[in-house]
Each structure stands twice: as structure tokens, then as C-alpha cells.
Amino acid sequence: MRHLYRALTVLGSYRAQRVMGVATLAGLAATVVIGLFVVPPDATQGNVQRLMYVHVPVAWVTFLAFGVVFLASAAYLKTGRIQWDRVAAASAEIGVLFCALTIVLGSLWGRPVWGTWWTWDPRLTTTAVLLLIYVGYLSLRKVADSPARRAKWAAVVGVVGFIDVPIVHQSVVWWRSLHQQATVLRLGKPTIAGSMLATLLLAFVAFSLAYGYLMAVRMRVGRLEDRSAVPVSSLSAPRARRPRTAADIPGPAAGVPTREPAGVPAPAPADVPTSVASDSHA
């Protein structure tokens with residue numbers, strides 16, 4: 001866990017972000033060119049199968065992002081360090097984005113193949129549930145009124161919500177599904193052509209770099225937000241009142257004589273007896 005945070009810190013430097021950004025663009029461009037113009041179309045689905053080189057890596061990044069949320073949330077519950085909460089929040093935001101893209105790309109692929117944009121297929125349903133879980137995770141972070149409570153509640157959801165990730169992956173095995181069985185992450189050799197497998201692996205690397213780049217940028221923005229944040233308590237707490245002294249009591253201005261009301265004799269000095277004061281006026 002310590003090595004994970006250290007790697008994210010190193011990747012958060014400006015130079016590392018530039019290198020990773022260039023590598024991400026190069027990998028994505030190579031995936032698009034090879035996937036569209038070099039690799040032959042599928043024998044059954046034709047050219048629509050080329051969506052696989054985007055849809056499957058996007059789904060992989062979704063699992064990767066929520067896996068990081070799980071690890072960072074568990075690390076926060078164990079150590080209580082706010083750095084892990086920051087990692088989990090950043091990865092959850094990216095995971096929600098890629099999970100939504102997974103559903104959209106799956107619908108674009110399913111329309112010409114299945115004849116419908118959406119069906120309550122086990123994998124589609126469990127993926128939709130996964131998206132709702134982590135949208136709720138991000139919403140929960142806006143509800144808590146203190147950073148410690150927010151981090152603790154979110155960490156619990158981040159750990160429990162990850163249970164749906166293996167369910168999504170195994171849904172095509174446990175239930176009857178319109179999705180095909182796994183062709184790469186399976187026992188035995190992959191059941192896919194060599195050129196398609198090489199292009200798919202290239203796409204995995206490119207989208208993994210994209211995830212790393214987005215994480216580095218989001219972590220850097222998060223650190224800047226933490227530095228510029230003003231504690232709420234300093235704005236809402238009342239100022240402590242200083243005890244009033246004789247100097248705070250308003251009195252006559254310096255050099256201005258006081259005037260007594262007409263008909264009221266001036267009080268005698270405190271250190272002069274009253275009888276002496278009377279004789280002086282006689």
C-alpha cells in the first residue's frame with residue numbers, strides 16, 4: 001500500500017505527467033489505427049466487432065479504478081491517514097466515468113448485434129448496479145459534515161461496494177447471458193486470433209496509461225485544493241470576548257472639563273474629611 005501511494009506521488013510530478021500524457025496519446029492513436037485499418041474484421045460480426053478494442057479496455061479500467069478504491073479504502077480504515085481517502089476519491093471519480101462509458105459503448109455494440117440498445121442481461125444489470133454503487137459513493141462524500149466522518153463512511157462503501165466487481169466478471173458464467181464467454185482472462189489459451197489479441201493487449205496498455213495519467217492529474221488537483229481550503233470552523237466560530245477593564249469603559253475625553261448639573265454640589269475628594277470640605281466653603 002505504501003508503494004502504491006509513493007508511485008502515485010512520483011507520477012504526480014509535472015514531468016511525469018507530461019511523459020505519461022504523450023505515451024497515452026501515442027498508445028491510443030496506435031490502437032485506433034491498428035484496430036480500424038490493420039486487423040481484419042470478425043468473421044461473424046464484421047466491422048462492428050472493432051468496438052471491442054475500446055469497449056473491453058474501458059471495462060478493464062473500470063475494474064482497475066474500483067480495485068484501487070477498494071485498496072485505498074481498506075488502507076484508510078487500517079491507518080486513518082487522509083492520503084488514502086484522497087486516492088480512493090480520485091479513483092472513484094475516474095471509475096464512474098469509465099463505467100458509464102462501458103455501458104454506452106456496450107449499447108452501441110449491442111444494437112446491431114442483439115437488435116436492441118438495452119436488455120436486462122446479467123452482465124448489463126450487474127454493471128448498472130456497479131455504476132449506481134459508486135455514484136452513491138461520490139454522493140455520500142458530499143453529505144458528511146466533517147472530513148473524518150466523510151472519509152470513514154466512504155471507506156466502508158468503497159470496501160463493500162467492490163463485491164460487485166467479481167460478480168460482474170463472473171455473471172456470464174453463473175447465469176445465462178447474451179454476452180460471450182471470456183476469451184482472454186480464462187483458464188487455458190485465449191480463444192482469439194493472434195492479431196486481434198495483440199491489438200487488444202495494446203489497447204489495455206494504452207487505456208491503463210490513460211488511467212494513470214488521469215489519476216496523477218486528479219491527485220495533484222486534490223493537493224492544491226487541500227492547500228487552498230479555508231477551515232469552516234475559522235469562519236463560523238464566534239470570536240472569544242476579552243474581559244472588559246476600566247480602560248474599556250467610556251469616559252470624558254482628555255483635556256475636556258466635566259460640568260456638573262446645576263444645583264448639585266460636587267462630591268468631596270475621597271481623601272479629605274467631609275467637615276474640612278464644609279469649612280473651606282464657609
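Closest approach of A100 and L131 over heavy atoms only: N-CD1, 4.2 Å. Residues Y76 and A155 share a closest heavy-atom pair of CD2-CB, 4.0 Å. The two atoms that bring I103 and A128 nearest to each other are CD1-CA, 4.1 Å, heavy atoms only. The minimum heavy-atom distance between A151 and I82, with the atom names listed, is CB-CD1, 4.2 Å. Looking at every heavy atom in both residues, L130 comes nearest to C99 through CD2-SG, 4.4 Å. Contact record, A88 with S73: CB-OG, 3.9 Å, taken as the closest heavy-atom pair.
Within the 4.5 Å cutoff, the side chain of Q49 has no heavy atoms near those of the V113 side chain. When side chains are defined from C-beta on, Q45 does not count as touching L51, because their heavy atoms never get closer than 4.5 Å.
Each of L36 and I34 belongs to its own hydrophobic cluster when Ile, Leu, Val, Met, Phe, Trp and Tyr are linked at side-chain heavy-atom distances under 4.5 angstrom. Both L28 and V38 are part of a single hydrophobic cluster, where members link through side-chain heavy atoms under 4.5 Å apart. Following chains of ILVMFWY side-chain contacts shorter than 4.5 Å, one can reach I133 starting from V135, so the two form part of one hydrophobic cluster. The cluster map of Ile, Leu, Val, Met, Phe, Trp and Tyr, joined by side-chain heavy atoms under 4.5 Å apart, puts V129 and V159 in the same cluster. In the hydrophobic clustering of this structure, I94 does not group with L25; members are Ile, Leu, Val, Met, Phe, Trp, Tyr whose side-chain heavy atoms approach within less than 4.5 Å, directly or through other members.
Partners of W120 by ring-ring contact (aromatic ring centres under 6.0 Å, His included), not counting sequence neighbours, listed by chain and number: W118. For F70, the ring-ring contact (aromatic ring centres under 6.0 Å, His included) partners two or more places apart in sequence, or in a different chain, are F162. Residues forming a ring-ring contact (aromatic ring centres under 6.0 Å, His included) with W117 (at least two apart in sequence, or on another chain): none. Considering only residues two or more places apart in sequence or on other chains, R50 meets the salt bridge (charged side-chain N to carboxylate O under 4.0 Å, His left out) condition with none of them. For S177, the side-chain hydrogen bond (donor to acceptor under 3.5 Å, both in side chains) test picks out D121, with sequence neighbours left out. Legend: residues meeting ring-ring contact (aromatic ring centres under 6.0 Å, His included) with Y134, ordered by chain and number and at least two apart, are F66.
Put simply, the side chain of R123 gets close to the backbone of V168: a donor and an acceptor are under 3.5 Å apart.
Separating the OG1 atom in T126 from the CH2 atom in W175 is a distance of 6.5 Å, to the nearest 0.5 Å. In this structure, CG in L77 is found 10.0 Å from CG in D85, a value given to the nearest 0.5 Å. Note that the CD atom of Q83 and the CE atom of M219 stand 8.5 Å from one another [nearest 0.5 Å]. Going from atom CE of M20 over to atom CG of L214 covers 9.0 Å, rounded to the nearest 0.5 Å.
Among residues at least two apart or in separate chains, ring-ring contact (aromatic ring centres under 6.0 Å, His included) pairs with a member in residues 21-58 are H55-W109. Every pair passing salt bridge (charged side-chain N to carboxylate O under 4.0 Å, His left out) that includes a residue from residues 89-99 is listed here, sequence neighbours excluded: E93-R218. Residue pairs meeting the ring-ring contact (aromatic ring centres under 6.0 Å, His included) criterion with at least one partner in residues 86-106, sequence neighbours excluded, are absent. Within the structure, every pair that satisfies the salt bridge (charged side-chain N to carboxylate O under 4.0 Å, His left out) test and touches residues 147-170, not counting sequence neighbours, is listed here: D145-R149. Listed by first and then second residue, the salt bridge (charged side-chain N to carboxylate O under 4.0 Å, His left out) pairs involving residues 101-119 amount to none (not counting sequence neighbours).
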Under 3.5 Å, sequence neighbours excluded: what are the donor-acceptor pairs made by side chains of residues 194-213?
residue : atom : partner : partner atom : Å
T199    : OG1  : S195    : O            : 2.9
S208    : OG   : W60     : NE1          : 2.9
S208    : OG   : F204    : O            : 2.7
Y211    : OH   : S91     : OG           : 2.8

